[in-house]
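All chains are named by letter (A, B, ...) in the order of the sequence lines, taking the proteins before the strands, and each is independently numbered beginning at 1. Because the structure is a prediction, the values reported are computed rather than measured.
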Amino acid sequence: MTFSSPSAIPPTWFARPSTIVAPDSIGCTLVREFPDGRILRGLIVETEAYAPGDPACHAYRRRTQRNSVMFGPPGKTYVYRIYGIYHCLNLVTDLDGVPSAVLIRALQLDAFPPGIDFTTPPKLQRIAAGPGKLCLAYQIDQSLNDRPLQPGSPLWLEPRTADLQQQLESGALELTQTTRIGLTQGVDLPWRWYLTNSPAVSKR
DNA sequence: TGAAGGATTTGT
DNA sequence: CAAATCCTTCAC
């Protein structure tokens, strides 16, 4: 017997500009279901937006095989390999035909991920502090590209808890908006957001 | 068909 | 600051 998760974020939620979805994603939970059925959850604490007309966006020049999923409907994964070593996870956003995405840059995990040997275990708060590191922890590679973000898939999102939402509204928790990291173009666009003072953010 | 370089991370 | 490492993208 299977039930659709009432708390999963629906595709329509992603059908907005990446500059809106990116800050809205902070505080949501990224859920990973491994092939063996184990579930891992992490709070999204850092994101970046990539949008049409943005020279740093992979889809800036034209549609290619790699970036094609960004041109498609929202609510799917866009995973790419970076520097031949790591992977990065994006959420495809905005309307079908509008190439844009939100890069997930850091997660605050609630448990150590399975399947990884830590000879010298780092702090739990730093294990998913960075886009490449969170993909290692979540075992995300290109086989998870172009997957719907919904229960039954390897990855999906759950909304902010009422408590966290209230903390944001009351100012007990805040978002910091600043410029993106590691770029050579579009360096001045303030399209990076993170949960202020979170110990799991990649860089401050 | 070849060459340059990248939305990173770690260690020197 | 340089290395690791590979594949995408663009130029010839």
Side-chain angles (χ1 to χ4, degrees), chain A residues 14 17-26 30 42 44-72 74 76-94 98-109 112-113 115-147 149 155 157 175-195 198-204:
Chain A
F14 298 96
S18 57
T19 49
I20 302 294
V21 176
D24 275 9
S25 300
I26 306 287
L30 181 67
I44 298 174
V45 297
E46 182 183 355
T47 59
E48 285 178 359
Y50 293 84
D54 166 16
C57 182
H58 285 174
Y60 178 60
R61 290 176 175 273
R62 60 193 183 87
R63 183 175 185 147
T64 65
Q65 185 171 17
R66 179 178 71 158
N67 65 30
S68 64
V69 63
M70 292 180 72
F71 287 79
K76 304 181 82 174
T77 59
Y78 167 47
V79 178
Y80 65 91
R81 187 182 263 293
I82 181 100
Y83 299 113
I85 307 174
Y86 299 98
H87 295 270
C88 289
L89 170 68
N90 294 256
L91 317 174
V92 175
T93 59
D94 218 316
V98 181
S100 61
V102 169
L103 172 69
I104 307 298
R105 284 195 56 90
L107 303 173
Q108 187 168 322
L109 300 184
F112 283 91
I116 300 179
D117 276 332
F118 297 109
T119 50
T120 55
K123 285 186 160 64
L124 178 59
Q125 305 291 46
R126 303 305 298 167
I127 285 181
K133 295 170 71 176
L134 75 88
C135 283
L136 279 177
Y138 267 44
Q139 296 178 31
I140 294 169
D141 61 21
Q142 269 171 321
S143 72
L144 296 195
N145 184 46
D146 198 8
R147 301 292 195 101
L149 289 158
L155 294 165
L157 265 69
L175 296 190
T176 297
Q177 178 178 6
T178 180
T179 52
R180 297 173 295 183
I181 288 182
L183 306 178
T184 58
Q185 301 183 72
V187 294
D188 293 329
L189 291 171
W191 286 357
R192 172 178 177 239
W193 291 265
Y194 61 86
L195 195 59
S198 167
V201 164
S202 67
K203 293 180 182 177
R204 300 208 257 170

Whole-Å gap separating [atom2] ([N]) and [atom1] ([X]):
X: A/R126; N: B/dT10; atom1: CZ; atom2: P; answer: 9 Å
X: A/E48; N: B/dG6; atom1: CD; atom2: C1'; answer: 14 Å
X: A/K203; N: B/dT10; atom1: NZ; atom2: P; answer: 10 Å
X: A/R180; N: B/dT8; atom1: CZ; atom2: P; answer: 11 Å
X: A/M70; N: B/dA7; atom1: CE; atom2: P; answer: 11 Å
X: A/L136; N: B/dT9; atom1: CG; atom2: P; answer: 9 Å

[X] side, atom [atom1]; [Y] side, atom [atom2] - distance, nearest 0.5 Å:
X: A/Q142; Y: A/H87; atom1: CD; atom2: NE2; answer: 6.0 Å
X: A/D24; Y: A/F14; atom1: CG; atom2: CZ; answer: 11.0 Å
X: A/L189; Y: A/Y50; atom1: CG; atom2: OH; answer: 10.0 Å
X: A/L89; Y: A/T77; atom1: CG; atom2: OG1; answer: 7.0 Å
X: A/L134; Y: A/L107; atom1: CG; atom2: CG; answer: 4.5 Å
X: A/H58; Y: A/N67; atom1: NE2; atom2: CG; answer: 8.5 Å

Next item on the list: Return the stems involving DNA chain C, sorted by first number, where pairs are Watson-Crick (N1-N3 with N6-O4 or O6-N4) or G-U wobble (N1-O2 and O6-N3), both under 3.5 Å, and runs are 3 or more long.
Entry: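 As far as DNA chain C goes, consecutive pairing (with distances under 3.5 Å) yields the stems B:1-6 with C:6-11, B:8-11 with C:1-4.
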Notebook entry, point to check: For every nucleotide of nucleotides 1-12 of chain C, 5' to 3': is a protein heavy atom under 4.0 Å from its base (B), only from its sugar-phosphate (S), or from neither (-)?
Noted result: ---BBBSSSS--
Item checked: Steps toward side chain to side chain contact (heavy atoms under 4.5 Å, CB included) verdict (A/V201, A/T176) -> CA-CA 11 Å; A/V201 164; A/T176 297; over 6 Å; no
Check: When you look at A/F112 and A/L124, which way does the side chain to side chain contact (heavy atoms under 4.5 Å, CB included) test go after all the steps?
Finding: CA-CA 7 Å; A/F112 283 91; A/L124 178 59; 3.9 Å; yes
Notebook entry, point to check: Backbone N or O of A/R81 within a donor-acceptor pair of the A/R66 side chain at under 3.5 Å?
Noted result: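 Not a single qualifying donor-acceptor pair exists.
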Notebook entry, point to check: Any sub-3.5 Å donor-acceptor pair from A/Y138's side-chain atoms to A/L30's backbone N or O?
Noted result: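 Looks like yes, one N/O pair under 3.5 Å.
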Note to self: Distance check, P atoms only: B/dG2 and C/dT5, in whole angstrom units.
What the structure shows: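 About 23 Å, rounded to a whole number of Å.
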Item checked: Residue from A/D54, A/T179, A/L103 passing side-chain contact (heavy atoms from CB on, under 4.5 Å) with A/W191 ->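 Of the listed options, the one satisfying the test is A/D54.
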Checklist line | Interface with DNA chain C, restricted to residues 98-108 of chain A and to heavy atoms under 4.0 Å | finding: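 Of all residues in residues 98-108 of chain A, none places a heavy atom under 4.0 Å from DNA chain C.
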